[in-house]
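In what follows, every chain begins at residue 1, and chains take the letters A, B, ... in the order their sequences are listed. The figures that follow rest on heavy atoms only: side chains count, while hydrogens, waters and symmetry mates do not.
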Protein chains: 2
Amino acid sequence: MDIAFVLYDNLTALDLVGPYETLSWHPAATPHFVAEQTGPVYTDNGLVMHATTTFADLAAPDVIVVPGSSRFVDALEDTVLLDWLRAAHPHATWTASVCTGSTLLAKAGILTGRPATTHWGARELLGSLGAVVSHERVVIDGSVITGAGVSAGIDLGLTLSAEIWGEEAARAVQLMLEYDPRPPFDSGSPDKAGPELMAKVGQLLSPRSG
Amino acid sequence: MDIAFVLYDNLTALDLVGPYETLSWHPAATPHFVAEQTGPVYTDNGLVMHATTTFADLAAPDVIVVPGSSRFVDALEDTVLLDWLRAAHPHATWTASVCTGSTLLAKAGILTGRPATTHWGARELLGSLGAVVSHERVVIDGSVITGAGVSAGIDLGLTLSAEIWGEEAARAVQLMLEYDPRPPFDSGSPDKAGPELMAKVGQLLSPRSG
């Protein structure tokens, strides 16, 4: 099973690594790291990943995983990436996005009229691109699965692992990854964070999304 | 603040990316990806990361973060890595490990007589290397902070962010990363997984750790 993890400039590393770590361990999985060109790709806080395959060389993967970016507005102008998504999606068993990766799927026309989720800071934009915006952490609609912000990629990956290989396989990888989360604080969603922290983080996010 | 994220062959990507994503966003953080040589480093499921700095060029970072590996037994023989840890640790404000990264700290003598945690599959080995093994998800002892398996690196990173920059900063990054986990299953620890799944996963892990 060919899984295409899509790389592009300034992607958010954890958006990609959550689904990667939950899906790639399976013996039937063949992970590919695909971009316009092979070679180094900078994520948005400095970590560099390597693309191992080009879009041209992987036209029809079984699974597509699109991470988000704190600079996703730039990625929305990446016509090579969007054209590849548009062409590859109809052949894929699953098309997945994490965080603002959903806005790329929407821009490619894949989410029109579909329920989908995204990072809380991108909900309005996702709606304006034609999706029916959900506030759920993981949303499945047909062959499309979308996750909320950044860390939701782990929950998405386990959910998708169960869809592909069954619940026991997903439970096994959850145990391997010791995914028994104990956040030290409880500020992981707009509802829980409260208005003061929301305002502060909104200020931090806005220049990075420009 | 110079943060050294340590890369070595077959590290587990999520072990590194959890702390990376929770710490590197801060304006005062300067992340470095350090290895024996600069260039590509393969993680244990195929993703390639890029080392940007050598051990020789970063002798005294403020924070050291050591990820684990499903092939950590090989890393325990990496004398260049162990010598660097031994020399750098006394100068660091914080030395952190995730998952079986703790066994590298222990082999370097940093955990002797200290409480520390690790992946559930490596508890016995960690004890044999001189640490006082804890089953907690995150353990702080002096300037050393250790996390349990793989995904615990996110909880460790938030905890460490609060120690370094205060609780409000940690709450802000938790909100940015939308870390409001909703695991679809409840099998993330040996206690919860039950004996049948434990036996199955134990079989899966043993050849990879050899």
Test item: [X] and [Y] side chains (from C-beta on) under 4.5 Å apart, heavy atoms:
X       : Y       : answer
R171(B) : L197(A) : yes
L175(A) : S189(B) : no
T43(A)  : Y20(B)  : yes

**Fill in**
By residue number, those in residues 154-161 of chain A with heavy atoms under 4.5 Å from heavy atoms of chain B are I154(A), D155(A), L158(A), T159(A)
**Prompt:** Could you name the residues of residues 179-187 of chain A that have a heavy atom within less than 4.5 Å of a heavy atom in chain B?
**Reply:** Y179(A), D180(A), P181(A), R182(A), P183(A), P184(A), F185(A), D186(A), S187(A)
**Asked** With no hydrogens and no angle check, is any side-chain donor or acceptor of E178(A) less than 3.5 Å from a backbone partner on A152(B)?
**Response** no
**Any donor-acceptor pair under 3.5 Å from H119(B) side chain to L177(A) backbone** = no
**Asked** Out of E21(B), H50(B), M49(B), which residue meets the side chain to side chain contact (heavy atoms under 4.5 Å, CB included) rule with L47(A)?
**Response** M49(B)
**Request:** Please flag which part of T30(B) lies under 4.5 Å from any non-hydrogen atom of chain A: side chain, backbone, both or neither.
**Result:** neither
**Atom group of P27(B) that falls short of 4.5 Å from chain A, counting heavy atoms** =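 No part of it gets close to chain A.
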**Prompt:** At what distance, to the nearest 0.5 angstrom, does CD of E196(B) lie from CD of E168(A)?
**Reply:**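 Here the rounded value is 7.0 Å.
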**Message:** Nearest 0.5 angstrom please: N45(A) CG to L23(B) CG, how far?
**Reply:**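 Those atoms lie 10.0 Å apart.
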**Message:** I need the residue from A193(A), A13(A), A148(A) with the largest number of non-hydrogen atom pairs under 4.5 Å to chain B.
**Reply:** A13(A)
**Message:** With chain A as the partner, which of T12(B), V17(B), D15(B) has the greatest number of non-hydrogen pairs under 4.5 Å?
**Reply:** V17(B)
**residues 126-143 of chain B: residues contacting chain A (heavy atom under 4.5 Å, by number)** =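 Within residues 126-143 of chain B, the residues that come under 4.5 Å of chain A (heavy atoms only) are R137(B).
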**Fill in**
Among residues 97-105 of chain B, residues within the sub-4.5 Å heavy-atom range of chain A, in order of number, are none
